Amino acid sequence: MNKQMAQYIQGNLTEIISQWQEKMKNEKEERSFQVMPTELMNQTSHEFAELMISNLLESHQAYESRLIDFAEKVVRLGWSITFVTKAINHFAEIVYEGMTKEGIINESNIAAFVEEFNKWISPIRNSTIEAYSKTWERTVSLQKIALQELSASLIPVFEKVSVMPLVGTIDTERAKLIMENLLEGVVKHRAEVVLLDITGVPVVDTMVAHHIIQAADAVRLVGAKCMLVGIRPEIAQTIVTLGINLNDFTTTSTLQRGVEQALAWTNRKIVEVED
């Protein structure tokens, strides 16, 4: 029966993929498939169909290789695990309905085919979810490492003045990295003023504020001043609502104003020079 199912799919592949694409486009909660370029959609659709056929005909090793490649691709495309599961179910429904319409599945063999479909779909669904989850975890881990490397560097902008731009969510692990880089950078660059720029931090809650306050205290212990810049109106409102005490901080709404204040602390200022 596996061969019959595979032969039917291969013989009607264009029509099956066309119907499958329409079903996937109708999944309104998922925009990732709908906005894909036509060429990429067709390529991905054929790869998915080949994966489904592979589970029927090829060895387990060959199928696993296809599965890992496809899982990595759909993670990059932004497909959710729910969407991937629906893709498998829709494909099986189209094949079953087509085989029934052509009389390949009939009253005399329907029970046997239902059992074969279950044996086909359940393992492929489980293995796809497992492969997707592993790929997603690996991708998130790599992104987290990249984010840590990009967003925790102390950058000297003027003599004695340095900036640390913070981007993304600040958890305990990142806070530790920020603290280490901050203190090493202050000593290395002989900074007297450090600007912590939180323009790229989406949410400032009590925990984030606690980490920032700790970093500022550590900077003061090594003989430098710390300023918090990039406070957007919604962040300011959150800080007030939560009752977070930033009285020991000098704060500004923009990095530009922070730099001007930092220069003033080091007895300098920016002036316009006429030609």
Side-chain angles (χ1 to χ4, degrees), residues 29 31 75 78 80-82 133-158 160-266:
E29 66 274 12
R31 294 282 301 165
V75 166
S80 70
I81 192 66
T82 303
S133 299
K134 288 180 179 178
T135 302
W136 178 254
E137 288 172 5
R138 185 169 66 253
T139 301
V140 170
S141 178
L142 291 173
Q143 289 175 341
K144 187 175 182 179
I145 292 170
L147 184 61
Q148 288 175 342
E149 292 175 347
L150 289 171
S151 64
S153 299
L154 191 67
I155 305 168
V157 290
F158 292 102
K160 301 178 182 179
V161 178
S162 296
V163 176
M164 177 172 278
L166 302 178
V167 180
T169 304
I170 300 175
D171 55 17
T172 303
E173 186 177 346
R174 280 200 66 208
K176 182 180 178 182
L177 179 64
I178 289 168
M179 183 83 75
E180 291 173 355
N181 289 357
L182 187 58
L183 296 178
E184 288 177 7
V186 168
V187 174
K188 178 181 178 181
H189 302 303
R190 298 182 181 179
E192 293 183 6
V193 182
V194 173
L195 285 71
L196 291 178
D197 185 3
I198 63 169
T199 304
V201 178
V203 178
V204 175
D205 55 17
T206 306
M207 183 62 70
V208 172
H210 173 70
H211 291 315
I212 292 173
I213 291 169
Q214 279 189 324
D217 289 339
V219 168
R220 280 196 289 270
L221 287 174
V222 294
K225 293 182 179 179
C226 191
M227 188 187 311
L228 192 62
V229 304
I231 299 180
R232 306 184 302 279
E234 61 270 25
I235 296 296
Q237 186 175 2
T238 301
I239 290 171
V240 171
T241 302
L242 294 175
I244 298 170
N245 183 9
L246 295 179
N247 292 335
D248 293 335
F249 271 103
T250 296
T251 61
T252 66
S253 58
T254 64
L255 178 59
Q256 180 182 351
R257 291 183 179 180
V259 170
E260 291 172 354
Q261 180 62 53
L263 290 174
W265 283 349
T266 54

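Predicted model only: the values in this text are computed from it and were never measured.
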- Message: I need the minimum non-hydrogen distance between V193 and A262, along with the two atoms involved.
- Response: CG1-CB, 3.6 Å
- Task: Scan for salt bridge (charged side-chain N to carboxylate O under 4.0 Å, His left out) pairs involving residues 203-222, sequence neighbours excluded, and state none if there are none.
- Result: D217-R220
- Message: For A209 versus I244, what's the shortest heavy-atom pair and its separation?
- Response: CB-CG2, 3.4 Å
- Task: Report yes if some heavy atom in the side chain of N181 is under 4.5 Å from a heavy atom in the side chain of M164; otherwise report no.
- Result: yes
- Message: Looking at every heavy atom in both A215 and L196, which two are closest together, and how far apart are they?
- Response: CB-CD1, 4.4 Å
Indicate every side-chain donor-acceptor pair of residues 223-230 with a distance under 3.5 Å to a residue at least two apart or in another chain.
none

- Query: Which residue pairs satisfy the side-chain hydrogen bond (donor to acceptor under 3.5 Å, both in side chains) criterion with at least one member in residues 229-238, sequence neighbours excluded?
  - Reply: R232-E234
- Task: Could you tell me the separation between the CE atom of M179 and the CD atom of E184, rounded to the nearest 0.5 Å?
- Result: 12.5 Å
- Using the side-chain hydrogen bond (donor to acceptor under 3.5 Å, both in side chains) rule, collect all pairs that involve residues 254-265, keeping only residues at least two apart or in two chains. none
- Message: So, taking the atom named CD1 in I212 and the one named CG in L166, what distance separates them when rounded to the nearest 0.5 Å?
- Response: 6.5 Å
- Item | Chi angles and distances behind the side chain to side chain contact (heavy atoms under 4.5 Å, CB included) call for V208, V203 | CA-CA 8 Å; V208 172; V203 178; over 6 Å; no
- What pairs of residues pass the salt bridge (charged side-chain N to carboxylate O under 4.0 Å, His left out) test when at least one of them lies in residues 191-204, not counting sequence neighbours? K160-E192
- Message: Once rounded to the nearest 0.5 Å, what's the spacing between atom NE2 of H211 and atom CD1 of I178?
- Response: 8.5 Å
- Contacts of V157 meeting side chain to side chain contact (heavy atoms under 4.5 Å, CB included) (sequence neighbours excluded), chain-then-number -> V161, V163
- Query: Which atom names give the shortest non-hydrogen contact between S162 and P156, and what distance separates them?
  - Reply: OG-CA, 3.5 Å
- Item | Atom pair CG (L195) and CD1 (I155), whose distance is rounded to the nearest 0.5 Å | 11.5 Å
